[in-house]
Amino acid sequence: MKYFTFDELTASHTARRLGIDNTPDETAVNNLYCLVSLVLDPARERFGQPIRVNSGYRCAALNRAVGGVRNSFHLSGRAADITAGSVEQNRRLFDILASLPHCELIWERGGEWIHVAV
Ligand SMILES: [Zn+2]
(Lines give C-alpha, C1' and ligand atoms only; values in the text may rest on other atoms or scores of the structure.)
Protein backbone atom coordinates (compact mmCIF):
# COMPACT_ATOMS: atom_id res chain seq x y z
CA MET A 1 0.00 0.00 0.00
CA LYS A 2 1.71 3.08 -1.27
CA TYR A 3 -0.84 5.87 -1.39
CA PHE A 4 -3.57 4.74 0.99
CA THR A 5 -3.76 3.85 4.68
CA PHE A 6 -6.04 1.54 6.64
CA ASP A 7 -7.06 4.60 8.64
CA GLU A 8 -8.55 6.39 5.67
CA LEU A 9 -10.20 3.18 4.47
CA THR A 10 -11.99 2.68 7.78
CA ALA A 11 -12.54 6.25 8.97
CA SER A 12 -16.15 7.42 9.11
CA HIS A 13 -17.75 10.58 10.45
CA THR A 14 -20.98 8.65 10.95
CA ALA A 15 -19.25 5.90 12.94
CA ARG A 16 -17.59 8.51 15.15
CA ARG A 17 -20.81 10.42 15.65
CA LEU A 18 -22.77 7.29 16.56
CA GLY A 19 -20.00 5.64 18.55
CA ILE A 20 -19.78 2.66 16.17
CA ASP A 21 -16.56 0.65 16.29
CA ASN A 22 -15.65 0.27 12.61
CA THR A 23 -12.52 -1.83 13.16
CA PRO A 24 -12.18 -4.36 10.33
CA ASP A 25 -11.69 -8.06 11.08
CA GLU A 26 -8.81 -9.99 9.55
CA THR A 27 -10.72 -10.94 6.40
CA ALA A 28 -11.73 -7.34 5.80
CA VAL A 29 -8.15 -6.18 6.36
CA ASN A 30 -6.95 -8.66 3.74
CA ASN A 31 -9.66 -7.55 1.33
CA LEU A 32 -8.79 -3.88 1.85
CA TYR A 33 -5.19 -4.74 1.12
CA CYS A 34 -6.24 -6.40 -2.17
CA LEU A 35 -8.46 -3.45 -3.06
CA VAL A 36 -5.57 -1.04 -2.62
CA SER A 37 -2.94 -3.21 -4.30
CA LEU A 38 -5.06 -4.18 -7.30
CA VAL A 39 -7.07 -1.02 -7.84
CA LEU A 40 -6.52 2.05 -5.69
CA ASP A 41 -2.74 2.29 -5.78
CA PRO A 42 -2.47 1.59 -9.55
CA ALA A 43 -5.29 4.07 -10.22
CA ARG A 44 -3.61 6.73 -8.08
CA GLU A 45 -0.29 6.09 -9.83
CA ARG A 46 -1.77 6.57 -13.29
CA PHE A 47 -4.01 9.42 -12.23
CA GLY A 48 -1.06 11.35 -10.82
CA GLN A 49 -3.08 13.31 -8.27
CA PRO A 50 -4.59 12.67 -4.85
CA ILE A 51 -7.75 10.58 -4.60
CA ARG A 52 -9.98 10.93 -1.57
CA VAL A 53 -11.73 7.94 0.01
CA ASN A 54 -15.23 8.92 1.17
CA SER A 55 -16.07 5.45 2.42
CA GLY A 56 -14.20 2.16 2.46
CA TYR A 57 -14.85 -0.62 4.96
CA ARG A 58 -18.19 -0.53 6.79
CA CYS A 59 -19.12 -2.87 9.61
CA ALA A 60 -22.77 -3.99 9.61
CA ALA A 61 -23.86 -1.29 12.07
CA LEU A 62 -22.20 1.46 10.04
CA ASN A 63 -23.55 0.11 6.75
CA ARG A 64 -27.07 0.21 8.22
CA ALA A 65 -26.50 3.73 9.58
CA VAL A 66 -25.49 5.09 6.17
CA GLY A 67 -28.26 3.24 4.35
CA GLY A 68 -25.93 0.91 2.46
CA VAL A 69 -27.41 -2.04 0.61
CA ARG A 70 -27.59 -5.30 2.56
CA ASN A 71 -25.01 -7.23 0.53
CA SER A 72 -22.70 -4.26 -0.05
CA PHE A 73 -19.07 -5.04 -0.85
CA HIS A 74 -18.20 -2.31 1.68
CA LEU A 75 -19.13 -4.84 4.39
CA SER A 76 -16.25 -7.10 3.46
CA GLY A 77 -13.73 -4.35 2.73
CA ARG A 78 -13.89 -4.99 -0.98
CA ALA A 79 -15.30 -1.60 -2.01
CA ALA A 80 -14.45 2.07 -1.78
CA ASP A 81 -16.28 5.27 -2.67
CA ILE A 82 -13.68 7.64 -4.03
CA THR A 83 -13.44 11.07 -5.59
CA ALA A 84 -10.80 13.15 -7.24
CA GLY A 85 -12.63 16.34 -6.29
CA SER A 86 -14.71 17.26 -9.36
CA VAL A 87 -16.92 15.55 -11.94
CA GLU A 88 -14.39 16.31 -14.68
CA GLN A 89 -11.55 14.77 -12.69
CA ASN A 90 -13.75 11.82 -11.74
CA ARG A 91 -14.46 11.19 -15.43
CA ARG A 92 -10.77 10.74 -16.04
CA LEU A 93 -10.40 8.61 -12.90
CA PHE A 94 -13.36 6.44 -13.97
CA ASP A 95 -11.70 5.69 -17.33
CA ILE A 96 -8.54 4.60 -15.51
CA LEU A 97 -10.53 2.39 -13.11
CA ALA A 98 -12.35 0.79 -16.05
CA SER A 99 -9.03 -0.58 -17.26
CA LEU A 100 -8.16 -2.07 -13.85
CA PRO A 101 -9.59 -5.19 -12.15
CA HIS A 102 -13.04 -4.64 -10.65
CA CYS A 103 -16.34 -6.42 -10.21
CA GLU A 104 -18.32 -3.23 -9.62
CA LEU A 105 -17.65 0.21 -11.03
CA ILE A 106 -20.43 2.70 -10.49
CA TRP A 107 -20.70 6.35 -11.47
CA GLU A 108 -22.54 7.68 -8.42
CA ARG A 109 -24.87 10.66 -8.26
CA GLY A 110 -23.88 12.27 -11.53
CA GLY A 111 -20.20 11.74 -10.89
CA GLU A 112 -20.03 13.13 -7.36
CA TRP A 113 -18.11 9.99 -6.48
CA ILE A 114 -17.19 6.58 -7.88
CA HIS A 115 -17.90 3.22 -6.24
CA VAL A 116 -15.37 0.56 -7.08
CA ALA A 117 -15.18 -3.01 -5.78
CA VAL A 118 -13.00 -6.05 -6.34
ZN1 LIG B 1 -19.93 2.33 -2.46
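Whatever order the structure lists ligands and atoms in, that order sets their numbers, starting from 1. We count residues from 1, following the sequence as given.
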Do NZ/NE/NH1/NH2 and the carboxylate oxygens of R58 and D81 come within less than 4.0 Å? yes
So the protein N/O/S atoms within less than 2.8 Å of the Zn ion (ligand 1) come down to H74 NE2, D81 OD1, H115 ND1
Under a single-linkage definition using a 4.5 Å side-chain heavy-atom cutoff for Ile, Leu, Val, Met, Phe, Trp and Tyr, are I20 and V29 assigned to the same hydrophobic cluster? no
Output the distance between atom NE2 (H74) and atom SG (C59), rounded to the nearest 0.5 Å. 13.0 Å
Approximate separation, where rounding is to 0.5 Å, of T5 OG1 and L9 CG: 6.5 Å
Taking side chain to side chain donor-acceptor pair (under 3.5 Å) as the definition, give me every residue that meets it alongside Y3, ordered by chain and number, with sequence neighbours left out. E45
Hey, is the main chain of R78 close enough, under 3.5 Å, to the side chain of N31 for a donor-acceptor pair? no
